[in-house]
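What follows is a set of notes on a single structure, which appears directly below.
Residue numbers start at 1 and run along the sequence shown.
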Amino acid sequence: METDEVSIREQLFHNRVRETIICVLLLTCLYMVCYLVLTHFKKTAEFITADDIEDATVNKIALWLCTFTLSVAVCAVLLLPISILSNEVLLTFPHSYYMQWLNGSLIHGLWNLVFLFSNLSLVFLMPFVYFFTESEGFAGSKKGVMARVYEAVVLLILLALLVLGIVWVASALLHDNVARQSLYDLWEYYLPYLYSGISLFGVLLLLLCTPFGLSRMFSVTGSLLVKPRLLEDIEDTLSCTVFEEDSLYRKLNYGSPSCWVKLNMEAMRKEYLAVQSRRVALVSPKEMRRKASPWQRNLGYPLAMLILLALTVMCVLMVCFNVLELLLDETAMPRGMEDPHLGMASFSMFGSLGAAVQVLLILYLMVSSVVGFYSSPLFCGLLPRVKDTNLTQIIANCVSLLILSSALPVFSRTLGITRFDLLGDFGRYNWLGNFYVVFLYNMLFAGLTSASLAKTVTWAVRRELIRAFGLDRLPIPVSPSTIPFKLLLASGLSKIQ
């Protein structure tokens, strides 16, 4: 009996060591990748300063902490894909000796680590990094890195007290009967309550950014690919633009005195600059088309647009199906679970193929939310630039991406993209059990995505038809809203005939 107890303890110890090693290796790999990404965007002058070595050291330390936060954000994005794929792998190889390390304890521990590090990064680490970079030390104290650390820690403590006071007041107003009066429940009640509010903010931010990002994905992808030449002759358009640019150049530089009196030179200069920018915009697609293969010129763009359209339509259909399930079956509500029970049943009714589609849709929604976030007028100023992003922008980007990514598991489960229930503290959010909140969230997402998709597709078709038929070169301003869609189709058919 004693020998069996020793062997069980040894097995538990070895399992814990193995899970720790796997998590450390995963975070280390993500840390190195995120460090390469941040060094690609950072402003080099802030980290190599010959005049002030102290500032350069502070910026390097801040960059390391930002890299850790970004690696946690990437790990939060991969939580659901890793969990779903692990379940399918265990279903495919149930008795494989080499897959014994892949178990529910490992996945559950990974979810808990991501939740813990997300809390620490959002509540403590990132505010400390910002205070650390902006501090100079207390007046009268000896200058140095440690003086900045002391000032940053004091500011962080004051901020923590302020935030905890606000959370206590909010909890007392909303739940007066359960308002805590001691610091004993700080970790068990106030911090999860605070993170629940942050997660709700992240889910609402995803609700606004994702539909807009799904519509923007078409234009962003189209700018990266070579568009096929169906009705438009770029050579002819480029020749006409060059001729128009030369004509305006001669009028501006060699015009007669009477011409100087009759013409508005300021308007002509603006027109010349507009024609010049249009010529530059036409030269770039021409070079891309010249370097691209015939398959890329003719099939790449239509295939990419069809894939994006199919993924977007699948997301909307799955959300609509989830709305029906919410009305008929209470098990469709998102909830938490303690044991994932991996390797027992697939989380999709279509088996491994359905699980792969779920993973693809989750990653697609995350990419779309990031595109929508940086395309929105409110946050477009945070868009990082290669070798020209200062440290404050890097901190803001890391915080924003962490808020979006930490809310992605809750977002995906609330919309019914996957049936994998939330593990650990991710399932303890107060608002997850509210049927009206979840139902209204699904309806808003389906409505906003459908409206954005319909608007984007119709406007894109009209814009392409206007440009293909040469209506954009008319002396009057032409927009997709000024010409009926039927008239465009009629003119297109007559031109083809």
Worksheet item: Testing Thr389, Leu391, Ile395 for side chain to side chain contact (heavy atoms under 4.5 Å, CB included) with Gln393, which one passes?
Response: Thr389
Distance in Å, [X] [atom1] paired with [Y] [atom2], rounded so as to fall on 0.5 Å steps:
X: Glu88; Y: Leu353; atom1: CD; atom2: CG; value: 10.0 Å
X: Trp111; Y: Leu116; atom1: CH2; atom2: CG; value: 15.5 Å
X: Leu402; Y: Leu70; atom1: CG; atom2: CG; value: 9.0 Å
X: Phe128; Y: Leu120; atom1: CZ; atom2: CG; value: 13.5 Å

Worksheet entry | Pair Leu65-Thr69, side-chain contact (heavy atoms from CB on, under 4.5 Å): steps then yes or no | CA-CA 6 Å; Leu65 298 178; Thr69 301; 5.6 Å; no
Discussion item. Can you give me the closest heavy-atom contact between Ser406 and Ser118, atom names plus distance?
Written reply: CB-OG, 4.3 Å
Discussion item. Restricting to non-hydrogen atoms, name the atom on Asp388 and the atom on Lys43 that form the minimum distance, rounded to 0.1 Å.
Written reply: OD1-CE, 3.3 Å
Worksheet item: For Phe212, what residues pass the side chain to side chain contact (heavy atoms under 4.5 Å, CB included) criterion, not counting sequence neighbours?
Response: Ser215, Arg216, Ser375
Worksheet item: What residues form a side chain to side chain contact (heavy atoms under 4.5 Å, CB included) with Val359, not counting sequence neighbours?
Response: Pro81, Ile84, Leu85, Leu363
Worksheet item: Checking side-chain contact (heavy atoms from CB on, under 4.5 Å) for the pair Ile417/Leu361: CA distance, chi angles, key distance, verdict?
Response: CA-CA 7 Å; Ile417 303 298; Leu361 290 179; 4.0 Å; yes
Practice prompt. Answer yes or no: does atom OH of Tyr130 have more than 12 heavy-atom neighbours from other residues, nucleotides or ligands under 6.0 Å?
Written response: no
Is a side-chain N or O of [X] found less than 3.5 angstrom from the main chain of [Y], in a donor-acceptor match?
X: Ser452; Y: Thr449; answer: no
X: Ser71; Y: Tyr31; answer: no
X: Tyr374; Y: Gly381; answer: no

Worksheet item: Without hydrogens or angle criteria, can the side chains of Tyr364 and Thr312 be said to hold a donor-acceptor pair below 3.5 Å?
Response: yes
Practice prompt. Would you sort out whether Ile21 and Trp101 count as a side-chain contact (heavy atoms from CB on, under 4.5 Å), showing the intermediate values?
Written response: CA-CA 11 Å; Ile21 292 175; Trp101 59 274; over 6 Å; no
Worksheet item: Under 30°, 30 to 60°, or over 60°: which ring-plane class applies to Phe117 and Phe68, parallel, tilted or perpendicular?
Response: perpendicular
Fill in: Worked verdict on Tyr150 versus Phe132 for ring pair (Phe, Tyr, Trp, His ring centres under 6.0 Å)
CA-CA 9 Å; Tyr150 296 148; Phe132 185 50; over 10 Å; no
